[in-house]
Structure formats: C-alpha cells, structure tokens
There are 2 protein chains.
Amino acid sequence: MTRREPRPRERGIPEATVARLPVYLRALQALSESGTPTVSSEELASRAGVNSAKLRKDLSHLGSYGTRGVGYDVGYLVYQISRELGLTQDWSVAIVGAGNLGRALANYGGFGTRGFRIAALLDAEPALVGDRVAGLSVGHIDTLEGVVEAENVSIGVIATPAQAAQAVCDRFVGAGVTSVLNFAPVVLNVPPEVDVRKVDLSIELQILAFHEQRKADGREGPERIGTLDAPPGPAGGQ
Amino acid sequence: MTRREPRPRERGIPEATVARLPVYLRALQALSESGTPTVSSEELASRAGVNSAKLRKDLSHLGSYGTRGVGYDVGYLVYQISRELGLTQDWSVAIVGAGNLGRALANYGGFGTRGFRIAALLDAEPALVGDRVAGLSVGHIDTLEGVVEAENVSIGVIATPAQAAQAVCDRFVGAGVTSVLNFAPVVLNVPPEVDVRKVDLSIELQILAFHEQRKADGREGPERIGTLDAPPGPAGGQ
DNA sequence: CCCACTTTGTGCGCGTGTTCACAAGGGCGT
DNA sequence: ACGCCCTTGTGAACACGCGCACAAAGTGGG
Ligand SMILES: NC(=O)c1ccc[n+]([C@@H]2O[C@H](COP(=O)([O-])OP(=O)(O)OC[C@H]3O[C@@H](n4cnc5c(N)ncnc54)[C@H](O)[C@@H]3O)[C@@H](O)[C@H]2O)c1
Ligand SMILES: NC(=O)c1ccc[n+]([C@@H]2O[C@H](COP(=O)([O-])OP(=O)(O)OC[C@H]3O[C@@H](n4cnc5c(N)ncnc54)[C@H](O)[C@@H]3O)[C@@H](O)[C@H]2O)c1
C-alpha cells in the first residue's frame with residue numbers, strides 16, 4: 001500500500017534550524033576572529049539571540065560536535081556549519097534588474113566574503129547595458145541563458161519591477177536555475193523543484209505597523225491604562 | 001507572583017496570519033483595480049499562493065466578511081484588512097544610513113503608496129549630509145531625536161554598517177521608537193516592548209545554497225539517480 | 001582514583017500552525 | 001416558495017517547533 005511518510009525530513013535538518021545556522025555561523029566567525037577557542041551553548045546562544053536549549057538542539061542535528069563540561073570548538077563548528085550550508089563551495093549568482101536595488105546588491109561587499117560570487121548583472125534597458133557597477137558590466141537580459149550556462153549560475157536574484165518578475169523567473173527556470181531570490185512584490189509561480197525565497201520590504205513595514213497600532217491601542221485604550229496585560233507583540237523575535 | 005502568561009494572543013490574530021494579510025491585500029488591490037466585485041477563497045488563495053482553507057481561516061480571524069455561495073466583496077475586504085493592519089493611518093519612517101541600501105530604499109516609490117512616509121534619511125558622514133535623495137535632504141544623525149519627535153516617527157530603519165547598528169538602534173529606542181526594521185547583519189538587543197524585524201540577504205542566500213546543495217547531492221548521488229524520493233525543499237513556500 | 005562541577009544532548013509536554021473535510025448558510029433559478 | 005448548488009466558516013487531526021528540565025558525559029582538583 002506504500003504509505004507515503006508525511007515528509008521523511010529528507011536528511012534530518014528542520015527548516016527552522018537551517019534558517020538559524022547562518023546566524024550561529026556569523027557569531028562563531030566573530031569569536032574565531034577574536035581568537036576564542038571554545039564557546040558554551042549559553043554564550044553562543046546569547047550572541048545569536050536565541051534560547052540555549054534551542055541552539056543545542058539545532059547543533060545536535062549536525063552531529064555531536066560539543067564536549068560536555070567544555071562547550072564547542074569554535075573553528076570546528078565554523079567548518080561543520082559551513083559544510084552543512086554548502087558554503088565550502090562557491091555559488092554563482094545572477095542579478096536581473098540594474099535599478100536602485102540591483103545596484104545596491106551588486107555594490108554590497110558582504111556576499112563575496114561568504115562564497116557568493118555575482119556572476120552577472122542584467123537589465124532590459126539598453127541605456128543601462130554596458131554601465132559598470134562594482135567592477136561588473138551590466139549585461140543585456142537576452143544573454144541570461146548564456147550567462148547561466150557559462151558561469152554555472154545556480155541562484156537567480158530578481159530585482160525588476162513587479163510586472164516583469166514572473167517573466168524573468170520563467171527564464172531563470174528555463175535556463176535551469178532552481179533557486180530564486182525575489183525582491184519584487186509578486187507571488188512567483190514555479191515548478192515544485194524550484195525554491196523561491198522572497199524579500200518584501202513593504203510586507204515587513206506592514207507587519208510592524210500592525211503591532212505598532214496594537215501597542216497604540218493599548219496605550220490609549222479606554223479604561224485599561226497601564227494594565228500592561230501581555231507584551232503587545234512577539235517582543236524581540238527578530 | 002504575577003505569572004506571565006505565555007502569550008494570550010492579545011486580540012486574536014495569529015502572527016502567521018498577520019504576515020500573510022499584506023499578501024492578500026496586494027492581490028485584492030489588483031482585483032479591485034481590474035474592477036472585480038467579488039472573489040472566492042479559491043481564486044484569491046491561488047493568487048496569493050496559499051491553500052484556500054488557510055486563506056479562509058486567516059480571514060475568519062478578522063470577522064465573517066464573506067458571503068456563502070458567493071465569495072468575498074473585494075472592496076470591503078481591502079478596507080477590513082487595511083484597517084486591521086493599521087494602514088488607514090499614515091506612518092512616518094526614518095532611515096539611518098544613506099549608503100547603497102538607504103538610498104535605494106529612499107528612492108523606492110512603493111512605500112508612499114501604502115501609507116508609509118519617509119520622514120528622514122540620516123547619516124553620520126558629513127560629506128553626505130545635505131545630499132538630496134528622492135526629494136529628501138540627508139540629515140545628520142545627531143538630529144535623530146529631534147526628527148523622531150517632530151515628525152512623529154514610529155518606525156526606524158537601520159541601513160548602516162553592522163558595527164554601527166546597535167548604537168543607532170539604541171538611539172531610536174531612546175527616542176521612543178518601538179518598531180525597527182534592521183538590514184545590518186547583527187542581532188539587535190532591545191527592550192521587550194520594541195519589535196525588531198530583520199532583513200538579511202546573506203542569510204537568504206545561505207538558505208538557498210543549503211537546499212541547492214541538497215538537490216545537487218540527490219542528483220549526483222551514487223545509486224539513486226532519478227528516484228526523486230521527496231521534494232528536496234519546501235517547494236515553493238515563498 | 002574518586003568526586004564535584006560544568007555543560008552537552010534529548011525526552012517530553014505544550015502551543016502554534018496547517019490541512020482536510022463537512023455542516024451550515026445564502027443566492028438564484030424555476 | 002422551494003430546493004439545488006456553490007462557497008464559507010470551522011471542528012478535528014496532524015505536523016512542527018519551542019523550551020524546560022534532567023540524565024549522561026567529560027574535566028579538573030584533591
Ligand atoms: N528599491 C527598493 O528599496 C525596493 C524596496 C522594496 C521593493 N523593491 C522592489 O524591488 C524591485 C526593484 O526595485 P528598484 O527600486 O531597483 O526598481 P528600479 O525601477 O530602480 O529598477 C528596476 C530595473 O529593472 C529593469 N527592468 C525592467 N524590466 C526588466 C526586464 N523585463 N528584464 C530585465 N530588467 C528589467 C529596469 O530597466 C530597471 O533598471 C521592484 O520590484 C521593487 O518593487 C525595491
Ligand atoms: N547593499 C546591499 O545590498 C546590502 C545587502 C545586504 C546587507 N546589507 C547591509 O545593509 C547595511 C548597509 O549597506 P550599504 O551597502 O548601504 O552600506 P554603505 O556602506 O553603502 O552605507 C552605509 C552608510 O551608513 C553610514 N553610517 C556609518 N555609521 C553610521 C552611524 N553611526 N550613524 C549613521 N550612519 C552611519 C555611512 O556613512 C554610510 O553612508 C550594511 O549593514 C550591510 O551589511 C546591504
């Protein structure tokens with residue numbers, strides 16, 4: 001009858017953990033640079049802004065890399081997390097849309113240092129093609145497929161206006177890209193093997209506004225001034 | 001002993017729902033502009049990229065605004081969601097850091113149209129103060145407290161280098177700002193009444209890399225080529 | 001060599017979120 | 001006026017993630 005297991009957690013690492021590993025990694029790299037040899041879960045958790053039990057459980061998914069009574073070896077943990085996240089290899093990224101955001105991204109130095117190489121910056125606007133941004137020459141969107149193949153691009157970044165985003169995404173997918181980071185405020189349609197992550201600044205602001213309004217309601221509320229019933233938001237959950 | 005309740009869901013709307021309301025709102029506004037009077041949960045869910053049962057449950061938290069056998073009145077729902085999110089009032093935003101990202105944000109037109117007004121763009125670099133960006137003059141960071149008060153700023157955006165972020169955040173909090181959107185790759189420390197949301201592009205790329213690596217493992221795996229056991233990621237969960 | 005101390009790794013209960021599936025409800029045609 | 005059909009709203013089961021609390025395990029001192 002072949003009962004399909006609900007989701008065999010393909011190799012064991014929960015999505016929520018994956019999202020936190022980069023935060024731990026950053027904290028560990030800072031420790032490493034300051035020469036700290038080992039760190040306790042309590043200390044590292046504090047720097048990462050999480051509960052120490054959660055941190056230990058997260059790390060336990062990678063294996064037993066701690067020493068009881070001592071803590072974790074910083075250098076070793078840096079390596080293990082990097083390996084698990086796939087940062088021991090380099091990844092080529094193509095950015096489409098050389099507007100405000102695309103240029104800011106291309107100019108940002110923080111990517112290269114983490115194994116992400118910006119292979120191309122493409123745009124549809126002829127006037128922009130050829131511009132030099134951060135040592136990169138803006139290419140024409142029609143070269144997308146060629147660039148993806150030639151540069152072995154595996155991550156596509158969409159920084160075009162909303163109305164162009166789906167078409168750009170389709171071209172990425174058609175060219176074989178299976179990971180997309182989308183800044184345009186639209187829901188992208190992709191086949192199931194493609195991962196899409198979206199960054200939507202308007203949504204972030206709207207969520208903040210929601211909580212802000214709630215706080216204000218509490219403050220100006222009719223007859224429960226100063227009650228401070230419950231923390232008005234998820235308080236600090238970054 | 002004042003036991004602090006875990007979180008009594010202060011007025012009933014789950015956090016996960018709040019995060020989706022802006023997506024529904026955007027889809028509804030598009031429908032509204034195209035003159036569609038009503039929409040079914042199935043149709044709206046499809047446009048928002050979610051399951052229709054989830055959509056109905058989300059909307060049910062706002063009240064019973066649908067009509068059985070018909071669907072939801074587009075205009076009415078736009079209003080209800082806007083009101084719930086606090087978008088019927090205007091919010092003043094201050095951006096600190098007039099670098100690549102700060103300028104891109106200031107230049108972005110998509111905020112004003114949703115009730116967010118950029119009240120100020122501040123920087124510590126004297127050479128930048130006075131620059132005009134998107135009809136705004138870059139102010140000096142030392143005017144932060146004054147601007148927050150004068151412009152009634154309730155949301156602070158941090159677009160400075162990582163090392164300056166905590167200090168800027170402290171000044172925001174000191175000035176009375178209780179909502180912060182942070183682009184710098186650091187964990188901010190704030191009192192519990194302050195909401196922090198972070199946008200971290202490096203983390204997004206690292207998460208994509210993780211799934212990409214996993215997909216590659218499956219493809220090149222020793223003896224299970226083409227098995228396609230389980231979808232390698234949360235497949236399309238943007 | 002043993003004991004006290006520190007810190008990891010995890011079992012377990014709990015709250016949150018997701019999805020299915022269906023009864024209840026309302027419109028519309030006849 | 002009645003009944004059919006469509007769509008909502010939600011109960012219930014299930015999956016997931018969180019954090020407490022503690023046993024297991026390793027360290028260092030005497
Ligand atoms: N700038 C921001 O701070 C910000 C904030 C939130 C969201 N966004 C979103 O990010 C996206 C980009 O924003 P921006 O401010 O950089 O916009 P922009 O208008 O400055 O840049 C968009 C660029 O995309 C190019 N483009 C248009 N159609 C294209 C196509 N089919 N193929 C390739 N390139 C194409 C344009 O020529 C332009 O250079 C938009 O969807 C916007 O909604 C931006
Ligand atoms: N540009 C991107 O695409 C990108 C991507 C990911 C993350 N980030 C992060 O966003 C932040 C800003 O990035 P950016 O590319 O705009 O950097 P940037 O260096 O171009 O701009 C930073 C600005 O902040 C100003 N600043 C420095 N210290 C300050 C202080 N104490 N008070 C006020 N202003 C101060 C600087 O003068 C500068 O103008 C960084 O933390 C970066 O890591 C940027």
Side-chain angles (χ1 to χ4, degrees), chain A residues 3-10 12-21 23-24 36-46 48-74 76-77 80 207 230-231 233-238, chain B residues 3-21 23-24 36-46 48-74 76-77 80 230-231 233-238:
Chain A
R3 278 199 61 240
R4 169 181 262 267
E5 293 298 320
R7 180 141 56 106
R9 178 139 301 157
E10 49 270 21
I13 301 194
E15 195 54 29
T17 295
V18 172
R20 281 187 296 265
L21 287 179
V23 179
Y24 304 154
T36 315
T38 63
V39 65
S40 72
S41 64
E42 201 68 52
E43 171 69 17
L44 183 54
S46 153
V50 303
N51 180 299
S52 74
K54 181 151 62 181
L55 175 102
R56 288 197 297 276
K57 191 159 286 184
D58 283 343
L59 294 184
S60 78
H61 287 116
L62 313 188
S64 260
Y65 297 145
T67 309
R68 289 163 196 241
V70 176
Y72 299 88
D73 182 281
V74 172
Y76 189 53
L77 206 46
Q80 289 298 342
I207 294 172
Q238 315 180 20
Chain B
R3 277 201 62 242
R4 172 181 269 262
E5 292 297 322
R7 201 180 354 147
R9 177 134 307 156
E10 49 273 18
R11 194 172 161 183
I13 301 193
E15 194 55 30
T17 296
V18 172
R20 282 186 296 265
L21 288 179
V23 179
Y24 304 154
T36 316
T38 64
V39 65
S40 72
S41 64
E42 202 67 53
E43 171 70 16
L44 183 54
S46 153
V50 302
N51 180 299
S52 73
K54 181 149 62 179
L55 175 101
R56 289 197 297 276
K57 190 156 284 186
D58 283 343
L59 294 184
S60 78
H61 287 115
L62 312 189
S64 260
Y65 297 145
T67 309
R68 291 159 132 106
V70 176
Y72 300 88
D73 182 284
V74 172
Y76 189 53
L77 206 47
Q80 290 299 341
Q238 315 181 22

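Each chain gets a letter, A, B and so on, in the order the sequences are listed, and its residues count up from 1.
- The CG-C1' distance, from B:Asp73 to D:dT7, rounds to 15 Å in whole Å.
- Under the rule for a side chain to side chain contact (heavy atoms under 4.5 Å, CB included), the partners of A:Asn51 that lie at least two apart in sequence or sit in another chain are A:Ala53, A:Lys54.
- For the atom pair OG1 of B:Thr67 and OH of B:Tyr76, the computed distance is 10.0 Å after rounding to the nearest 0.5 Å.
- Residues satisfying the side chain to side chain contact (heavy atoms under 4.5 Å, CB included) criterion with B:Ser52, sequence neighbours excluded, are B:Ser41, B:Glu42, B:Ala45, B:Arg56.
- Residues B:Ile13 and B:Leu62 have side chains in contact (heavy-atom distance under 4.5 Å, counting atoms from C-beta outward).
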Output a table of nitrogen or oxygen pairs between the protein and nucleotides 20-22 of chain D separated by less than 3.5 Å.
from, atom 1, to, atom 2, distance (Å)
D:dC20, OP2, A:Asn51, ND2, 3.4
D:dA21, N6, A:Arg56, NH2, 3.3

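- Rounded to whole angstrom, the span from the CD atom of A:Glu15 across to the C1' atom of C:dT18 amounts to 16 Å.
- Whole-Å rounding puts the B:Gln80 CD to D:dT8 P distance at 17 Å.
- Between the CG atom of A:Leu44 and the OH atom of A:Tyr24 there is a distance of 8.0 Å, given to the nearest 0.5 Å.
- If you measure from atom CG of A:Leu55 to atom P of C:dT8, you get 8 Å, rounded to the nearest angstrom.
- Between B:Lys54 atom NZ and C:dG17 atom C1' there is a gap of 8 Å when expressed in whole angstrom units.
- For the salt bridge (Lys or Arg N to Asp or Glu O under 4.0 Å) test, residues two or more places apart in sequence or in another chain that qualify with A:Arg20 are A:Asp58.
- Atom-to-atom, CG of A:Leu77 to P of C:dT8 comes out at 11 Å; the value is rounded to the nearest Å.
- Nucleotide C:dT10 holds its C1' atom 15 Å from the CG atom of A:Leu62, rounded to whole Å.
- Residue A:Arg20 contributes atom CZ, which lies 15 Å from atom P of D:dC16 at whole-angstrom precision.
- The distance from atom OH of A:Tyr72 to atom OG of A:Ser40, rounded to the nearest 0.5 Å, is 9.0 Å.
- Here A:Leu59 contributes atom CG and A:Leu21 contributes atom CG; the two are 7.5 Å apart, rounded to the nearest 0.5 Å.
- For the side chain to side chain donor-acceptor pair (under 3.5 Å) test, residues two or more places apart in sequence or in another chain that qualify with A:Thr36 are A:Ser34.
- Look at A:Ser40 and you won't find any side-chain N or O under 4.0 angstrom from OP1 or OP2 of C:dT7.
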Shorter than 3.5 Å, N or O on both sides, protein versus nucleotides 24-27 of chain D: list them out with atom names.
from, atom 1, to, atom 2, distance (Å)
D:dA24, N3, A:Arg68, NH1, 2.6
D:dA25, O4', A:Arg68, NE, 3.4
D:dA25, O4', A:Arg68, NH1, 3.3

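- Among the heavy atoms of the strands, none lies under 4.0 Å from A:Ser52.
- Using a 4.0 Å cut-off, some side-chain N or O of A:Tyr72 falls inside it from OP1 or OP2 of C:dG9.
- Among the protein residues, B:Ser64 comes within range of the sugar-phosphate backbone only, with heavy atoms under 4.0 Å from sugar or phosphate atoms but none that close to a base.
- Nearer the 5' end of DNA chain D, as judged by each residue's closest nucleotide, is the contact made by B:Glu42, out of A:Thr17 and B:Glu42.
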